[in-house]
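Order of appearance sets the numbers: ligands from 1, and atoms from 1 within every ligand.
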Amino acid sequence: MSDIPSEALSESPLAPAGALPLVELRGVSKRFVKALDSSMRIANLFGAGMREEIVRAVDHVDLAIRAREVVGLVGESGCGKSTLGRLAVGLLPLSAGERLWQGKPLGSLAPAAAREQQLKMQMIFQDPYAALNPRMRVVDIVGEAPVVHGLITTRQQVEYVGLQLNRVGLDPTLMRRFPHQFSGGQRARIGIARSLAVKPEFLVCDESVAALDVSIQAQVLNLFMDLQSALSLTYLFISHDLGVVQHISDRVVIMYLGRVVESGPTAELFAAPNHPYTQALLAEIGRVEPRKRVFVPIKGEIPSPLAPPSGCHFHPRCPYAMAKCKDVAPPLDEIAPGRWSACYLNDVALQ
Ligand code: SF4
């Protein structure tokens with residue numbers, strides 16, 4: 001009989017859909033200060049004024065995710081979606097706004113409570129090889145954090161890791177091997193096992209299947225969905241692949257240059273995209289061969305986040321841009337129950 005504590009083996013508690021959000025971001029922003037280039041550093045040495053460039057990677061974003069919900073986060077490269085994911089799990093400090101867990105602000109937790117809380121939120125990264133320490137054996141990669149955080153004892157580690165590997169479809173007898181002795185798909189499973197080992201409730205999956213072959217992607221996506229239902233997990237699923245997002249998500253959030261421009265239930269948003277940016281993204285799906293589902297950037301350069309366009313950031317690429325689009329950013333309004341969009345065309349439609 002196993003001597004692993006029952007708390008370490010128990011499934012996450014069920015939370016009814018529609019209840020208080022499990023995770024909530026309120027008005028969160030993230031600013032990065034861009035490093036000075038060498039000529040600016042030299043100028044600075046000679047007494048020239050210090051010049052800083054600010055990147056607003058995430059700009060006043062609200063996002064609430066209910067327990068057991070799968071939210072897909074989509075946008076072009078550089079739109080801030082990975083930064084938003086890191087903010088959601090607390091891997092980056094906020095520049096503004098607040099994070100809440102079941103309605104309680106996380107910023108006010110005492111250090112011990114914050115560490116305990118942090119275990120409930122994990123991130124699974126894109127490159128399964130880079131995310132695993134090549135000098136550690138799988139038994140330590142997966143089993144180290146549960147021991148460090150007191151979920152299990154060192155004596156229980158091997159049995160516990162075996163259970164985690166079984167859960168993600170890996171042979172536990174391979175736990176003494178190093179990451180390079182596994183295939184890409186197996187390494188992705190090791191990364192998932194490592195995250196699950198600390199019993200998270202909320203996972204941010206950042207392009208977690210993007211580096212895998214198409215056939216392996218499908219297997220790992222099925223694993224994500226099986227785990228979500230078996231462990232009542234909540235996902236923020238970041239992907240550039242609209243097919244993946246459509247397949248796995250209950251709700252989709254579209255980002256453009258640090259802001260959310262549209263969100264809504266997956267089937268509704270894909271059937272009738274509201275925001276011109278979402279419409280352009282979805283229009284590209286059918287043009288891409290051979291899989292006919294991979295997102296490619298829409299026409300026109302995405303502006304630099306160092307100097308985003310005024311007003312609605314999308315206005316230089318938008319075929320419907322009006323004069324006021326250049327002046328003031330449109331608010332993110334609820335245009336139908338559960339459907340949100342930030343576009344002045346919705347005001348025109350209501351008139
Ligand atoms: Fe286009 Fe104006 Fe709507 Fe922005 S607010 S998406 S520029 S119509």
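- Annotation: atom 3 (Fe) of ligand 1 to nearest protein heavy atom, Cys343 SG, 2.3 Å.
- Using a cut-off of 2.8 Å, one finds that His275 contributes no N/O/S atom close to atom 4 (Fe) of ligand 1.
- Less than 4.0 angstrom separates some heavy atom of Cys312 from each of these atoms of ligand 1: 4 (Fe), 5 (S), 6 (S), 7 (S).
- Set against the non-hydrogen atoms of Pro330, the atoms of ligand 1 under 4.0 Å away are 5 (S).
- Of all atoms in ligand 1, numbered sequentially from 1 with element shown, those under 4.0 Å from a heavy atom of Cys318 are 1 (Fe), 6 (S), 7 (S), 8 (S).
- Taking the six-membered ring for Trp and thresholds of 30 and 60 degrees, Tyr277 and His275 have ring planes more than 60 degrees apart, a perpendicular arrangement.
- Taking backbone and side-chain atoms together, Cys325 has no N/O/S atom less than 2.8 Å away from atom 3 (Fe) of ligand 1.
- Among the backbone and side-chain atoms of His315, none of the N, O or S atoms lies under 2.8 Å from atom 2 (Fe) of ligand 1.
- Each of the atoms 6 (S) of ligand 1 lies under 4.0 Å from some heavy atom of Pro276.
- Between the side chain of Thr266 and the backbone N or O of Ser249, at least one donor-acceptor pair lies under 3.5 Å.
- By the neighbour-count criterion of 12 heavy atoms within 6.0 Å, atom CZ of Arg56 is sparsely surrounded, having that number or fewer from other residues, nucleotides or ligands.
- For Tyr320, the OH atom counts as loosely surrounded, since its 6.0 Å shell holds 12 or fewer non-hydrogen atoms of other residues, nucleotides or ligands.
- Annotation: Glu116, atom CD; neighbour count of heavy atoms from other residues, nucleotides and ligands within 6.0 Å does not exceed 12.
- Of all atoms in ligand 1, listed by their number and element, those nearer than 4.0 Å to a heavy atom of Tyr344 are 3 (Fe), 5 (S).
- Using cut-offs of 30° and 60° on the angle between ring planes, the pair Phe202 and Trp101 is tilted.
- Shown here is Gln118, whose CD atom has more than 12 heavy atoms of other residues, nucleotides or ligands within 6.0 Å.
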